[in-house]
Amino acid sequence: YPWIFFAELYYSTGLYRGEDSVERINIEGDGVKPFLLSLGLKYFFSGYVFLQVSDTVNLMMDEKYIKNITQFGFNLIF
């Protein structure tokens with residue numbers, strides 16, 4: 001219970017304001033199609049307090065998008 005492992009996959013093909021729009025602004029950003037894998041670990045001190053460490057990697061390694069993000073967090077839920 002105090003340790004919880006988590007994983008997440010995220011993919012986006014992009015959303016646009018309107019299919020017939022001349023501008024076709026990509027809401028995801030700059031025409032990138034990210035495919036992200038996140039892995040992390042949470043340590044719960046109680047049901048309301050936990051530490052979190054996670055890493056997110058762009059599996060496509062697109063030059064226009066992030067390649068890696070490492071996060072450390074301390075969370076209080078009230």
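Only this structure's heavy atoms are used, side chains among them; waters, hydrogens and symmetry mates stay out.
Nearest heavy-atom pair across Val57 and Met61 is CG1-CE, 4.1 Å. Contact detail for Leu41 and Phe6: the closest heavy-atom pair is N-CE2, 3.6 Å. The shortest heavy-atom contact between Ile77 and Gly47 is CD1-O, 4.4 Å.
The CG atom of Leu37 lies 10.5 Å from the CG atom of Asn58; values are rounded to the nearest 0.5 Å. Taking CZ of Phe35 as the reference point, atom OH of Tyr10 lies at 12.0 Å (rounded to 0.5 Å). For the atom pair CG (Asn75) and OH (Tyr48), the distance works out to 15.0 Å, reported to the nearest 0.5 Å. The distance from atom CD of Gln52 to atom CD1 of Ile4, rounded to the nearest 0.5 Å, is 10.5 Å. Atom CD of Glu8 and atom CG of Leu36 lie 8.0 Å apart (nearest 0.5 Å). One finds the CG atom of Asp55 at 4.0 Å from the OG1 atom of Thr70 (value rounded to the nearest 0.5 Å).
With hydrophobic clusters built from ILVMFWY side chains whose heavy atoms lie under 4.5 angstrom apart, Trp3 does not share a cluster with Val53. At a threshold of 4.5 Å between side-chain heavy atoms, the hydrophobic network of Ile, Leu, Val, Met, Phe, Trp and Tyr places Phe50 and Phe72 in two separate groups. A continuous path of ILVMFWY side-chain contacts below 4.5 Å connects Leu76 to Phe45, so both sit in one hydrophobic cluster.
Each of Phe74, Phe44, Phe78 was evaluated against Val49; a single residue qualifies, Phe74, per the side-chain contact (heavy atoms from CB on, under 4.5 Å) test.
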